[in-house]
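Structure record follows, encoded as C-alpha cells.
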2 protein chains.
Amino acid sequence: MAGTGTGTGVRGARRRNTAGGRSGLTPERIVEGCIALLDEHGPDALTFRRIGGHLGVDPTALYRHFRDKDELVLAVADRLHGRVLDDFEPSDHWRATLQDMLTRNRLVYLAHPEAAVLSVARTTRRAAEMAGVEIILGALAEAGFPPDEAVKYYRVLVDFVLSWCGLEAAYLTLSQEARSGDENAWSREYAGAPADRYPHIAAAAPFLPTVTEEGNFALALELLLDSVELRAQRYAATIGEQRATAE
Amino acid sequence: MAGTGTGTGVRGARRRNTAGGRSGLTPERIVEGCIALLDEHGPDALTFRRIGGHLGVDPTALYRHFRDKDELVLAVADRLHGRVLDDFEPSDHWRATLQDMLTRNRLVYLAHPEAAVLSVARTTRRAAEMAGVEIILGALAEAGFPPDEAVKYYRVLVDFVLSWCGLEAAYLTLSQEARSGDENAWSREYAGAPADRYPHIAAAAPFLPTVTEEGNFALALELLLDSVELRAQRYAATIGEQRATAE
DNA sequence: CGAACAAGTCAATGGCGTTGACAAAAGTGT
DNA sequence: ACACTTTTGTCAACGCCATTGACTTGTTCG
C-alpha cells in the first residue's frame with residue numbers, strides 16, 4: 001500500500017495533515033520532481049541525492065515521506081497509472097475499447113520506464129487499477145463472453161500488455177552503451193551471419209531492422225484481438241445453435 | 001564480439017587459449033557460479049564481491065575474463081538460451097515446432113527466475129541465440145511466409161515469450177510478503193468489490209482465482225499462433241490466386 | 001507558554017562497480 | 001636452463017549509491 005507515503009513505516013512516525021513542513025515538501029511535490037527528473041535526465045538520474053538537489057533539499061529529507069526507494073518508485077508508478085484512464089472514453093465497439101486502452105497503457109508506461117520496470121509485476125489494488133479491470137471485463141462481456149470465459153481472456157490481455165511494457169521499459173533503462181550494442185546486433189552481426197549455417201537468418205537479415213517497436217506491439221495486439229474476436233463469434237454461434245435446438 | 005569474454009577489452013589484453021590461470025578460473029566456471037548464486041540467493045546476490053567469494057577468488061579477478069558487469073550478465077543470459085536448445089528437435093509441422101520451442105523457453109527461464117529477470121531484455125548475439133532465431137525463422141518460412149513477412153511474426157513471437165517469462169520470473173522473485181499480498185488482492189479485495197460500481201468485476205470475481213499461470217501462457221500462445229496460422233493460410237491463398245490469374 | 005512532535009540537516013556506514021599498481025605464475029625464444 | 005613477455009590473481013582505493021542514527025529547528029496543540 002505505497003499510497004502517497006503518508007502512513008506507517010515513515011521516519012518520524014505519523015504525520016499531521018498539514019500542507020508540508022518548513023520547506024513545503026510534500027509527497028506530491030516529491031513525486032512530481034521525480035517525474036521531471038526522469039523525463040529530463042533519464043532513469044539513472046533517480047537517486048536520492050539528485051532528487052534532493054533538484055528540490056533544493058537534503059537527500060535524506062525524502063525519508064520523512066517515503067520509507068525507502070521502492071515505495072517512492074511505486075508512488076511514481078501510481079501517479080502514472082492514473083493517467084492511463086484520465087481522459088479515456090470507452091469506444092462503442094468492444095474491440096476498439098480494448099485496443100485503445102491497452103495501447104494507452106503502453107504509452108504511459110513507456111514514458112517512464114524506470115517506474116514501469118519496478119511496477120509491472122505488482123498489483124496496486126487501488127481505484128485506478130480496478131477501474132481499468134472493470135473496463136476490460138466489460139468489453140469482453142460486450143463481446144459475448146460469459147464471466148468464466150471472460151476472465152481467461154482478461155488475464156491474457158492484461159499479462160500481455162504488462163509483460164510487454166516491462167520488456168520494452170527494461171530495454172529503455174539499459175545503459176546507452178548496452179542499448180546501442182543490442183541495436184547494432186540486429187543490423188550488423190545478424191547481417192553477417194554465414195548463409196550456409198543460418199540460411200533463414202541470412203534471407204531475413206535485410207528486413208530485421210525494418211521492424212519498429214510500435215509496429216511490433218501493434219501487430220502482437222492485433223493478432224491477439226483477432227483470435228479473441230474469432231472465438232467470440234464462434235461462441236455466439238454455438239450459443240445460437242443451442243438456442244435453436246432448444247426451441 | 002562478447003563471446004565468452006575472451007576477446008577485446010578485457011583487462012590485461014588478449015588471453016592465451018589455456019584452460020584457466022593459476023586458480024583455474026574460466027569464463028565457464030564464472031558463469032556457472034553466477035547461475036548457482038542466482039538460484040540460491042536471488043538477483044541481488046549477483047555482485048562481483050559475492051561472486052568472488054563464492055568462487056574463492058578476489059572479486060576483481062573477474063575483470064580478467066569480462067570487461068564489465070554487463071558483459072557478464074550477457075554471458076549468463078546466453079547460457080540460459082543455450083539450455084533451451086540443448087535437446088530440442090524440430091517437429092514435422094511448423095506450428096508444433098514453434099509451440100514446443102516457445103514452451104521450452106518458458107520452462108527453462110522459469111527454472112531460474114533470478115537469472116531470467118536479468119537476461120530477458122538483452123540481445124546476446126551469441127551462437128545459441130542465433131540457432132534459436134534460425135529455427136523460428138525456418139518454421140515461419142515453412143508456414144509459407146516470405147522473409148519480409150516472417151521477420152514481423154518472428155519479432156512478435158520472440159518478444160512475446162521473452163516479456164511473458166520476464167513478468168512471471170519477476171513475480172517469482174518478489175519477496176514472500178509482497179507475493180502473498182498480491183495474491184490476496186485477487187481473491188479478497190476483488191471479490192469484495194462493490195457490485196454497483198464494478199458489476200463486471202463482481203460477476204467475474206469467483207472465476208479469477210481459477211486461472212493458472214500455465215493455462216494462461218498456453219492460451220496466450222494459442223491465440224497468437226491461431227492468428228499466425230490464419231494469416232499464413234490467407235497468404236498462401238492470395239499467392240495461389242495470383243498464380244492462377246498469371247497463367 | 002511549554003511540551004510534543006514533525007521535518008530538515010549532518011555525519012557516517014556498508015555495499016556497489018570499477019580502476020591502477022603490483023606480484024606471481026605460465027608460456028616463449030634462444 | 002635462462003631471461004623475456006604476457007597473463008592472471010591480489011590489493012587498496014575512488015566515487016557513487018541507499019540507508020540510518022543523532023542532532024536541530026520549526027510548528028502545533030493542550
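Chain letters run A, B, ... following the sequence lines, proteins first, then strands; residues in each count from 1.
Contact check on B:E32 versus B:R79 returns a salt bridge, with a Lys/Arg side-chain nitrogen under 4.0 Å from an Asp/Glu carboxylate oxygen. Between B:R122 and B:D78 no salt bridge is recorded (no basic side-chain N to carboxylate O distance below 4.0 Å). Contact check on A:R104 versus A:D87 returns a salt bridge, with a Lys/Arg side-chain nitrogen under 4.0 Å from an Asp/Glu carboxylate oxygen.
A:L46 places its CG atom 17 Å from the P atom of D:dC16, with the value rounded to the nearest Å. At whole-Å resolution of the value, CD in A:E71 and C1' in D:dA18 are 15 Å apart. With rounding to whole Å, A:R29 atom CZ is found 13 Å from C:dA7 atom C1'. Atom pair A:F66:CZ and C:dG8:P shows a separation of 12 Å (rounding to whole Å applied). In this structure, the CZ atom of B:R50 is 11 Å from the P atom of C:dG17, given to the nearest Å. In this structure, CG of B:L62 is placed 14 Å from P of D:dC11, rounded to the nearest angstrom. Per the geometry, CG belonging to A:L25 stands 5 Å off P belonging to C:dG8, to the nearest Å. Taking atom NZ of residue A:K69 and atom P of nucleotide C:dG15, one finds them 19 Å apart after rounding to whole Å.
Judged as a salt bridge (Lys or Arg N to Asp or Glu O under 4.0 Å), and not counting sequence neighbours, B:D44 has no contacts. With sequence neighbours excluded, the residues forming a salt bridge (Lys or Arg N to Asp or Glu O under 4.0 Å) with B:R106 are B:E168, B:E214, listed by chain and number. Evaluation of the side chain to side chain contact (heavy atoms under 4.5 Å, CB included) rule for A:D58 yields A:T60 as partners, not counting sequence neighbours.
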Could you list, one pair per line, each protein nitrogen or oxygen that sits under 3.5 Å from a nitrogen or oxygen of nucleotides 11-14 of chain C, together with the distance?
none

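Considering CG of B:D68 and CG of B:L62, their distance stands at 12.0 Å, rounded to 0.5 Å.
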Carefully, step by step, assess A:I136 and A:Y153 under the rule side chain to side chain contact (heavy atoms under 4.5 Å, CB included).
CA-CA 10 Å; A:I136 295 180; A:Y153 301 111; over 6 Å; no

Tell me, with the steps shown, if A:F66 and A:V10 meet side chain to side chain contact (heavy atoms under 4.5 Å, CB included).
CA-CA 6 Å; A:F66 297 95; A:V10 177; over 6 Å; no

Audit row: A:V73, A:S119, side chain to side chain contact (heavy atoms under 4.5 Å, CB included) steps and yes/no
CA-CA 8 Å; A:V73 171; A:S119 59; 6.0 Å; no

Just do the side chain to side chain contact (heavy atoms under 4.5 Å, CB included) check on A:L25 and A:R29 with the steps written out, would you?
CA-CA 6 Å; A:L25 200 59; A:R29 249 171 52 80; 4.1 Å; yes

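A pairwise comparison of heavy atoms in A:Y190 and A:I201 identifies O-CG2, 3.7 Å as the closest pair.
Within the structure, every side-chain polar atom (N or O) of A:Y63 is placed at least 4.0 Å from both OP1 and OP2 of D:dA18. Considering only side-chain N and O atoms, B:H65 lies under 4.0 angstrom from the phosphate OP1 or OP2 of D:dG9.
Within 4.0 Å of B:I51, counting heavy atoms only, lies no atom of the nucleic acid at all.
Between the side chain of A:R11 and the base of C:dG8 there is no donor-acceptor pair of N/O atoms closer than 3.5 Å.
Comparing the axis of the opening five pairs of the helix from C:dC1-D:dG30 to C:dT30-D:dA1 with that of the closing five pairs yields an angle of 10°, rounded to 10°.
The stretch residues 30-41 of chain B does not touch DNA chain C, since none of its heavy atoms comes less than 4.0 Å from the strand.
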